[in-house]
Student: 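Just passing along the structure, written as structure tokens.
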Amino acid sequence: MTTSVIPDDRPTRVVNPVHDADPARLRAAIDSVEPGPLLMTLVHATGDRALLTEFRDRLTAAKRARNDGALPPGQYPKEVADEVRRRAHKILPGALVPTLRVPDEDLFLEMARLATDDAIGPEYGPYLREQAGFAYLPESAPRHRPVPPGFRVAVVGAGMIGINAAVKLAEAGFEYRVFEAGDDIGGTWARNTYPGAAVDTPSHFYSYSFELNPDWSKFYPSGPEYLRYLRHVVDKYGIRNHIALSHRVLGCTWVEERRMWQVRVAGPDGVTEVYEANAVITATGILNSPSVPEVPGVESFAGATMHTAEWDESVALDGKRVVVLGTGCTSVQVVASLAGRARQLDVVFRQPHWIAPERNVVSRVDDATRWAMRHLPYYQQWYRLVTHWFTADKSFAIPRIDEEWYATHVSASPANDALMQICLTHLHEQLGDRPDLVEMLTPDFPPFAKRIVKDPGFLAAVRRDDVALHRGSFERIEPDGVRLTNGEFLPADVIIWATGFRLEYLSFLDVVGRDGVTLAEQWDGGRDPRAHLGVTVPGFPNFFATAGPNAAPNHGGGHNVTSEEHVHYAVECLRHLVDHGYAAMEPTPEATRDYNERVDAELDRTVWRHGGTANGYYRNAAGRAWVTCPWRLVDYWTMLREPDPSTLLLHR
């Protein structure tokens, strides 16, 4: 049976309900999807708010009747889930065009609380509505002056943030140019092509809130699939012609007299040109340059060496002796992918990470669920909301230290310990008969002090006879292998550096602000970067450093959330200039100092500041926590809705 799609006049761009559907496909979809989001689909389909009261009462009664303890939030009891599906089979065949499109604020919160079966504070309403992918919220200023001709914005980088910036600048009416040093868009997902490369945030959430994707093939996307998504966004929103590939930004200089930035760009032929812009948005991220340790003897090695971010497809790995250095997120993906291919796979590491189980890391999204994401009214928005809720601010308490508890435990608090026990249970379930491996892979620091690793099959891989773990590091490299600091010698044909990236806060750019002061000087050579709201810097007008210091959502959520927030803030700042006739803005030194004092005070109560790890990038050389944003995502989102003139120096 063919389907007819309703016209594209929806208040949101991402739901695609149908008038008629193949009954078999609809039945399969109803039987496959999650009951909470499915129940919200029924409310949209019918407009019947009484369903919310009825099923809230059913959930309460079902929980009260259970004798084996309460189910965790978000997990419907079987009898309630079965009734949701029964009702859906009855209602949806004749109601796939929604009666209710975008719920009002009170109704939205009521629906969100029932979809998650959890308590959600009223402050989350606008934030979750946006992040779930519903209609755009009203802008902070509903009416704006037209952008004057010639007002240009330079965007540095065409990864996730740069693409986002391009879309939002175009929507706001600004002229812009995106400069990308690589020969393709995509940033990290264009560079990381190693076996097993994948996103470790759920697919249906790790995407733009304005461009949901119903067609993810896995619940955690592979690198190539995510790159295809970004290319789709570039083409759909018509920004490709505004992106200059193979154009490396060397630096930029503020010209005070003209209130302009002069951006120096090296083209593919090496010729340097100057692009003048009223504002600059950096979208380079902080992990760009591969970190390769300096090991004596590397030049003598007879085999091949490569970093995971500089993967060489021509290097044969099947049947070879491969040594991998590192056990972080990248390493576990590489090891899980190469186990069984290499003749011998040796994994060398100084310190283990906490490894969490996640059944969906390698799971495929079945066809019925993908059909539901595309066609059941607003199902994918509610699925995205539920996924986000349980992977974001629900984890806010876990990295925070309970001093009395932490004095006598490895974990930092009861909440932190609960996650640690989940990781330990997974470790023992996978390797309980190998106490030697359990000991090697059990960290001596609390979860979240280093990035949590979601297991893509790494623990199963290290059980193999042709895979071996080694605690230590490289002492020197010899022609036929690696000598470790513990004295072991590992024969090798290939060495893989799974050692991550050097953390760089724009230290690779020559940024010169007012009075000739460089950003490097302001940030002590990149060793102590500080910004107002993690985005703007005193003395650098109209300069927006997305993914700046103390802006990473390390407790949960995803890079996509804060990157959207930073881009939104930058665009709102530029609109403020235009609307009020200013030429430039920057934060006051006082506001910046006050903000960072509050950041430091909040982080001083977390494992990111006092985690007890021997290594990692969450703290700078002086021990300051410089990566993590200390706030709940909803609070940070609220801070970045619009500029506060009391914190700004505004220039005509």
Side-chain angles (χ1 to χ4, degrees), residues 10-12 14-15 17 30 33-65 70-77 79-88 90-92 95-138 204-205 209 212 372-373 376-394 396 557 561 632-635 637-638 641:
R10 304 178 299 277
T12 175
V14 289
V15 67
I30 291 170
V33 298
E34 295 294 323
L38 178 61
L39 177 57
M40 298 310 106
T41 283
L42 299 185
V43 177
H44 281 284
T46 63
D48 185 2
R49 298 181 64 151
L51 287 167
L52 301 174
T53 302
E54 175 192 343
F55 277 91
R56 184 172 58 249
D57 292 344
R58 285 180 180 273
L59 278 172
T60 301
K63 289 180 176 181
R64 188 179 297 124
L71 287 171
Q75 185 173 334
Y76 278 30
E79 60 270 30
V80 179
D82 288 346
E83 179 59 22
V84 172
R85 298 188 198 285
R86 188 192 72 77
R87 202 71 62 87
K90 180 179 179 180
I91 293 172
L92 287 181
L96 282 177
V97 177
T99 298
L100 170 69
R101 292 182 179 272
V102 180
D104 62 35
E105 184 174 338
D106 291 341
L107 178 56
F108 177 82
L109 272 172
E110 187 179 357
M111 295 173 75
R113 289 162 180 160
L114 187 57
T116 59
D117 185 28
D118 204 7
I120 296 177
E123 71 273 22
Y124 279 95
Y127 164 76
L128 287 177
R129 184 194 292 266
E130 179 194 82
Q131 284 303 311
F134 283 96
Y136 293 154
L137 294 169
H204 296 92
F205 171 60
S209 64
L212 274 61
M373 294 283 181
L376 295 188
Y378 297 98
Y379 175 80
Q380 73 166 330
Q381 282 90 339
W382 288 106
Y383 181 85
R384 177 181 169 105
L385 183 147
V386 172
T387 300
H388 174 51
W389 180 248
F390 289 109
T391 57
D393 278 352
K394 285 290 288 184
F396 185 73
V561 179
R632 294 186 308 171
L633 288 169
V634 66
D635 297 326
W637 181 91
T638 302
R641 285 305 83 200

Student: What are the two closest non-hydrogen atoms of I120 and A112, and how far apart are they?
Tutor: CD1-O, 3.7 Å
Student: In Å, rounded to the nearest 0.5 Å, how long is the span from CG of L385 to CD of Q380?
Tutor: 12.5 Å
Student: Does the side chain of V561 reach to within under 4.5 Å of the side chain of F205, using non-hydrogen atoms?
Tutor: yes
Student: Is a salt bridge present between R56 and E110, judged by a nitrogen-to-oxygen distance below 4.0 Å?
Tutor: yes
Student: Is the shortest side-chain heavy-atom distance between D82 and R86 below 4.5 Å?
Tutor: no
Student: Would you check, one step at a time, whether the test ring pair (Phe, Tyr, Trp, His ring centres under 6.0 Å) holds for Y127 with H388?
Tutor: CA-CA 11 Å; Y127 164 76; H388 174 51; 5.5 Å; yes
Student: Would you please name every residue forming a salt bridge (Lys or Arg N to Asp or Glu O under 4.0 Å) with R85, sequence neighbours left out?
Tutor: none
Student: Angle between ring planes, Y378 versus F134, binned at 30° and 60°: parallel, tilted or perpendicular?
Tutor: parallel
Student: Is there side-chain contact between L128 and D393, with at least one heavy-atom pair below 4.5 Å?
Tutor: no
Student: Can you check whether E123 reaches T638 side chain to side chain, under 4.5 Å on heavy atoms?
Tutor: no
Student: Does any part of the side chain of D48, heavy atoms only, come nearer than 4.5 Å to the side chain of I91, both counted from C-beta?
Tutor: no
Student: Using modelled atom types only, decide if a donor and an acceptor are shared between the side chain of S209 and the backbone of G133 within a distance under 3.5 Å.
Tutor: no
Student: Any side-chain to backbone donor/acceptor pair from R87 onto L39? Under 3.5 Å, distance only.
Tutor: no
Student: For a quick check under 3.5 Å, do W637 and E130 share a side-chain donor-acceptor pair by atom type?
Tutor: yes
Student: Give me the atom names and distance for the closest heavy-atom approach of A88 to L42.
Tutor: CA-CD2, 3.6 Å
Student: So, T41 side chain and P377 main chain: donor-acceptor pair closer than 3.5 Å or not?
Tutor: yes
Student: Ring centroids only, cut at 6.0 angstrom: are F396 and W389 within range, meaning strictly under it?
Tutor: no
Student: Looking at side-chain heavy atoms only, is the closest gap between M40 and L114 below 4.5 Å?
Tutor: yes
Student: Considering only heavy atoms from C-beta outward, does the side chain of R113 approach that of L109 to under 4.5 Å?
Tutor: yes
Student: How many angstroms lie between atom CE of M373 and atom CZ of R384, to the nearest 0.5 angstrom?
Tutor: 11.0 Å
Student: Apply ring-ring contact (aromatic ring centres under 6.0 Å, His included) to F55 and list each qualifying residue two or more places apart in sequence or on a separate chain.
Tutor: none
Student: State, to 0.1 Å, how close P37 and Y379 come at their nearest heavy-atom pair, and which atoms those are.
Tutor: CB-CE1, 3.3 Å
Student: Should E34 and Y76 count as side-chain neighbours, where that means a heavy-atom distance under 4.5 Å?
Tutor: no
Student: Kindly write out the residues that satisfy salt bridge (Lys or Arg N to Asp or Glu O under 4.0 Å) with K394, not counting sequence neighbours, or none if the list is empty.
Tutor: D118
Student: As an exercise, state the distance from CG of L376 to CD1 of I30, rounded to the nearest 0.5 Å.
Tutor: 7.0 Å
